[in-house]
Novice: 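The structure follows.
Reminder, nothing fancy here: chain letters follow the sequence lines and each chain counts from 1.
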Amino acid sequence: KQEVTQIPAALSVPEGENLVLNCSFTDSAIYNLQWFRQDPGKGLTSLLLIQSSQREQTSGRLNASLDKSSGRSTLYIAASQPGDSATYLCAVPGNKLTFGGGTRVLVKP
Amino acid sequence: KAGVTQTPRYLIKTRGQQVTLSCSPISGHRSVSWYQQTPGQGLQFLFEYFSETQRNKGNFPGRFSGRQFSNSRSEMNVSTLELGDSALYLCASSLVSDGYYTDTQYFGPGTRLTVL
């Protein structure tokens, strides 16, 4: 059974600092890993999908890395802004999409 | 292209009632999945529909059911509501479905259900 963990559960940084969000999974036989952003009370917005054959995927200030052998993915957000404040979730596919518990990020002006 | 839409956005019901939630996927998407999100349990998979057939089902009681129409729109129904059913219900659509959720999932804004 796939289990996905995100640590820490919450993170607070000053504006301009780089953010590093972690995601670990127990079954390394994954097809891909997807990162989402969720604003309070809202739905999920897809940020990046990184295929199992890729080691990195980039979109603007976001960069996601994937290390299947160690069961880890990291989402980097460069030069954080207050608008980056949200909960970030990672998810891996299988017979369902399994989500981590999320990391709640607060970027202080 | 319009995103995933869910109606209604907010619902207040009382225990014992039933409720029906609706989800319209992105045009051309044939797979629709439903999730329940609560502060205690996080995001939990309810079921997936593809071409009007339920493909996968999560670990929820039979009070939770769903269906998909020929235009890919989907509904989920919860009967005999309990206080614990209060949650944000999210649906997601994807272009293809291979049974393994390998395609990008696009989520709707959710329906906030409150059971009193």
Side-chain angles (χ1 to χ4, degrees), chain A residues 1-10 21 23-54 57 59 62 64 66 68 73 75 86-104, chain B residues 2-7 9-10 21 23-26 29 31-50 54-60 86-114:
Chain A
K1 179 188 169 187
Q2 178 73 270
E3 292 182 2
V4 182
T5 305
Q6 292 183 251
I7 296 173
L21 306 177
C23 172
S24 60
F25 45 93
T26 54
D27 185 349
S28 62
I30 61 170
Y31 294 98
N32 60 49
L33 186 143
Q34 197 166 358
W35 282 94
F36 295 90
R37 167 187 171 137
Q38 185 175 31
D39 292 289
K42 304 284 181 63
L44 278 64
T45 300
S46 177
L47 296 174
L48 289 168
L49 184 150
I50 181 166
Q51 300 290 354
S52 61
S53 57
Q54 297 176 298
Q57 181 71 268
S59 177
L62 276 58
L66 177 63
K68 281 181 56 178
S73 176
L75 178 66
T87 297
Y88 293 83
L89 299 113
C90 64
V92 296
N95 59 358
K96 60 178 181 178
L97 201 58
T98 302
F99 285 85
T103 295
R104 191 169 65 253
Chain B
V4 178
T5 58
Q6 292 186 246
T7 56
R9 293 292 314 279
Y10 303 91
L21 312 181
C23 172
S24 293
I26 291 172
H29 286 195
S31 169
V32 175
S33 299
W34 288 90
Y35 297 83
Q36 180 195 66
Q37 187 177 33
T38 59
Q41 299 296 318
L43 267 158
Q44 292 188 288
F45 172 77
L46 281 156
F47 29 65
E48 185 212 3
Y49 285 87
F50 179 77
Q54 187 180 89
R55 173 166 285 182
N56 283 310
K57 189 176 190 308
N59 190 25
F60 278 82
S86 294
L88 181 66
Y89 290 87
L90 295 162
C91 81
S93 76
S94 64
L95 185 60
V96 297
S97 173
D98 54 9
Y100 295 101
Y101 298 92
T102 57
D103 197 20
T104 300
Q105 302 288 308
Y106 296 91
F107 281 78
T111 294
R112 171 74 62 186
L113 173 63
T114 302

Novice: Which answer fits B:Gln44, side chain, backbone, both or neither, if we ask what part of it has an atom under 4.5 Å from a heavy atom of chain A?
Specialist: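 Answer is neither: B:Gln44 stays 4.5 Å or more from chain A.
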Novice: Relative to chain B, which segment of A:Ile30 carries a heavy atom at a distance below 4.5 Å: side chain, backbone, both, or neither?
Specialist: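 The answer is neither part of A:Ile30.
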Novice: Is a side-chain donor or acceptor of B:Gln6 paired with a backbone partner of B:Gly110 at a separation under 3.5 angstrom?
Specialist: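 Between the backbone of B:Gly110 and the side chain of B:Gln6 there is a qualifying donor-acceptor contact (under 3.5 Å).
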Novice: Between the main-chain N or O of B:Thr38 and the side-chain N or O of B:Gln41, is there a donor-acceptor pair closer than 3.5 Å?
Specialist: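 The answer is no, because no donor-acceptor pair under 3.5 Å joins these two groups.
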Novice: Look at B:Gly58, B:Pro109, B:Gly42 and state which one has the largest set of heavy-atom pairs under 4.5 Å with chain A.
Specialist: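 When all of B:Gly58, B:Pro109, B:Gly42 are compared, B:Pro109 has the most.
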Novice: With respect to A:Trp35, which candidate in A:Ser59, A:Ser73, A:Ser46 satisfies the side chain to side chain donor-acceptor pair (under 3.5 Å) definition?
Specialist: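 That would be A:Ser73; it is the only one of A:Ser59, A:Ser73, A:Ser46 passing the side chain to side chain donor-acceptor pair (under 3.5 Å) with A:Trp35.
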Novice: Check whether A:Gln6 reaches the backbone of A:Cys90 with its side chain - one donor and one acceptor, N or O, closer than 3.5 Å.
Specialist: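 A pair under 3.5 Å: yes.
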